[in-house]
Amino acid sequence: GLRRVLSPVALGGLALPHRVVMGSMHLGIEDRDDGGAALAAFYAARAAGGAGLIVTGGSAVSRVGAGGVHYSFVNEPADAPRLARVAAAVHTAGGLIALQLFHAGRYAFAASFGLQPVAPSAVPSRFSPDEPRALTGAEVAATIDDFGRAAATARRLGFDAVELMGSEGYLLNEFTSPVTNHRDDEWGGDPARRRAFPLAVLAAVRAAAGTDFPVIYRLSGADLMDGAPDEDEVLALATALAGAGAAALNVGIGWHESRVPTVQALVPPGTWAPYAARIRAAVDGVVPVIASNRINRLAQAEQLLADGAADLVSLARPFLADPELIARSRAGRPVNVCIGCNQACIDRSLTDEAVSCMVNPSAGHEQDLFVAGSGAPGSAGASAGGPAPAAPGSAPGAPGPSGAAGSGGPGATGRRRYAVIGAGPAGLAAARALASAGARVVLYEAGAAPGGQFRLARLVPGKADYGATIEYYAAELAALGVELRLGHPVGPGDRAELAGCAGIVLATGVVPRPVELPGADGPNVLTYPEAFAAADRLGDRVVVVGGGGIAVDLAHLLSHGATDGDERDRFRAEHGLAERPVPVTGGRQVTLLRRGPRIGAGIGRTTRWTLLAALRRRGVLLRTGVRYERITPEGVVLAGGDGPELVGADTVVLAAGQVPADALRPMLAGLAVPYRVIGGAADGAVDAVTAFAAGAAARELLR
Ligand code: SF4
């Protein structure tokens, strides 16, 4: 059950309905020129879905502290109406909301404002190209004052609390670390003086906003940086903050430039719980402790609370994936689980794009909710690739015509029937979008189960949650009455039935690109879907021809090996965070070959480096710029300057891209039924963000 996690708790005088805090996320719409409408709609949807206390994305306390171009500035009067609207909207929806007060320090992209980033000392970072300068003593005092004014403003604008962003390597965290604080004044020089700035900020905030105004302090449970403060120092800061009136301690982990991944899919959920647990033990009940990072299910949160690791948990991305996370969990309904891909959220925020979610493309588009259409057939015709969903940053589109406007709408004759062909990500999303807008939907799938490429992905270490996405969508479709016809490859025999549909979505995905290489048809050669299916039966030495995302996933799967112990222990051991190594058995010798220059070129920025590091740790050989000659029973022969070179293998796997599986196009074109081709069937890409979004956009067929 979820008894603990869904039980009420008090936080700094606020009565929270449950123990899940919605954690801070920068959305990239904080400065949108719409009076705060999109931002308010985003947060209100989460509050309506049961979120109790929401922490906003960071609002910078000064221009020089902004973390990107789309930040809000709490101390600037121009931003006040937007922020006030957010607070009011959340209250109307029944939630509580804390404004996160933020200063990026040396991670600031202050150059966009013609400024130089500031920091305790002039120590450059790997994360930002701009070299910081050291704050003067007077500037330190002014920055403390900025935080104080910000808290008073937050209260005046209607927020219920503030959170001070003191982790992840931002300004407050930089003061506490000897890596970035080389000062020898009252703000640095020894551990006590390195704690002085956070404590001064907390004191200023309480003085300005009132001691009855709750202040959550997000501190770093471990910076995961060479030379970072040790555990004793972290605990000393925690107890000092608790003693100085913080209402709660929210435990973050890692710096943005740390070499240890913290929030990526291959970090086992729950890995960071021990860091919160130590802080909880140290503060000994003086204030509640909130555990954060890589908690993506309430069942894990329940376990974490049962283990005494924390008093509350903070989940952030899971609220992107499912705004109704809490309400659905309370009702025992399936939840759309955050799969930790980062592809539509963190990766986008790093390039100043508006954030959404791969598995829930309506995240960030809460104002655009489609009004069930007239059913009037739109203009027929294929739209290769399908129109993109509302572009991030675009103004919300006008909703479609409402029910009465069209001809031939749903009436006494019953709902109009739509066909979706292919039950991969694009098809699942399309079927759901159409059915939830009121259409009757038949979903055809040639295979024995839905899921498409996600069925392969879920086998990869760290990607098991991709299976949860399939389960969620399947459950949604069942609840919406979608007729799922498994084991039904659509062909000429279905023509008459399709001709009677009001619209058709072709989402048949991709097939592996054929490889024109002598020996590619040998018995020792498999396509990548075959290799995924037979992963436990391949030989000890595997060569993968291809170096894209699927090849990297396959190499990860084949080289991972097994451990008797807990994957969290293994992860910590592999990253130098545990005393003992964890024995691993059964990983294969894998070689990845790519003609091009870059392995895993299409993988998202926050994820690619973690996967390549994992492959290197497991001895996977990554070779780029190769020239293939042929495949033989002994392996793959490459052309080299000194003559042919054999890369020996028991099994050779072809993972050299994909082509659209769109053989049904001509048949659909001859039907005089509006149709669209989406996902991999349209463009040959394996891009789940685009596939889910195009699926969701398929509801436009109803207009
Ligand atoms: Fe989670 Fe991926 Fe959605 Fe981000 S885009 S919230 S990581 S599922």
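Predicted model only: the values in this text are computed from it and were never measured. Ligands are counted one by one from 1 in listed order, and the atoms in each one are counted from 1 as well.
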Discussion item. Over 60° means perpendicular and under 30° means parallel, so tell me whether His556 and His560 are parallel, tilted or perpendicular.
Written reply: perpendicular
Worksheet item: For Pro269, which residues count as a side chain to side chain contact (heavy atoms under 4.5 Å, CB included) partner, sequence neighbours excluded?
Response: Arg294, Asn296, Gln300
Worksheet item: For Pro261, which residues count as a side chain to side chain contact (heavy atoms under 4.5 Å, CB included) partner, sequence neighbours excluded?
Response: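 Counting only residues at least two positions away or on another chain, Pro261 forms a side chain to side chain contact (heavy atoms under 4.5 Å, CB included) with Gln264, Leu266, Val267, Phe571, His575, Trp609, Thr610.
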Worksheet item: So how far is it from Arg19 CZ to Leu2 CG, rounded to the nearest 0.5 Å?
Response: 13.0 Å
Item to complete: Tell me the protein N, O or S atoms under 2.8 Å from atom 3 (Fe) of ligand 1, in chain and number order.
Response: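 Counting only protein N, O or S atoms under 2.8 Å from atom 3 (Fe) of ligand 1, the list reads Cys357 SG.
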Worksheet entry | Taking every non-hydrogen atom, the tightest pair across Leu592 and Ala551 |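 So the minimum-distance heavy-atom pair works out to CD1-O, 3.7 Å.
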Worksheet item: Which of the atoms in ligand 1, numbered in the order shown and given with their element, are less than 4.0 Å from a heavy-atom of Gly340?
Response: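 Near Gly340, meaning under 4.0 Å from one of its heavy atoms, ligand 1 has 1 (Fe), 7 (S).
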Fill in: Pairs flagged by ring pair (Phe, Tyr, Trp, His ring centres under 6.0 Å) wherever residues 680-702 is involved - sequence neighbours left out
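Of all non-adjacent pairs touching residues 680-702, those that pass ring pair (Phe, Tyr, Trp, His ring centres under 6.0 Å) are Phe454-Phe692, Tyr473-Phe692.
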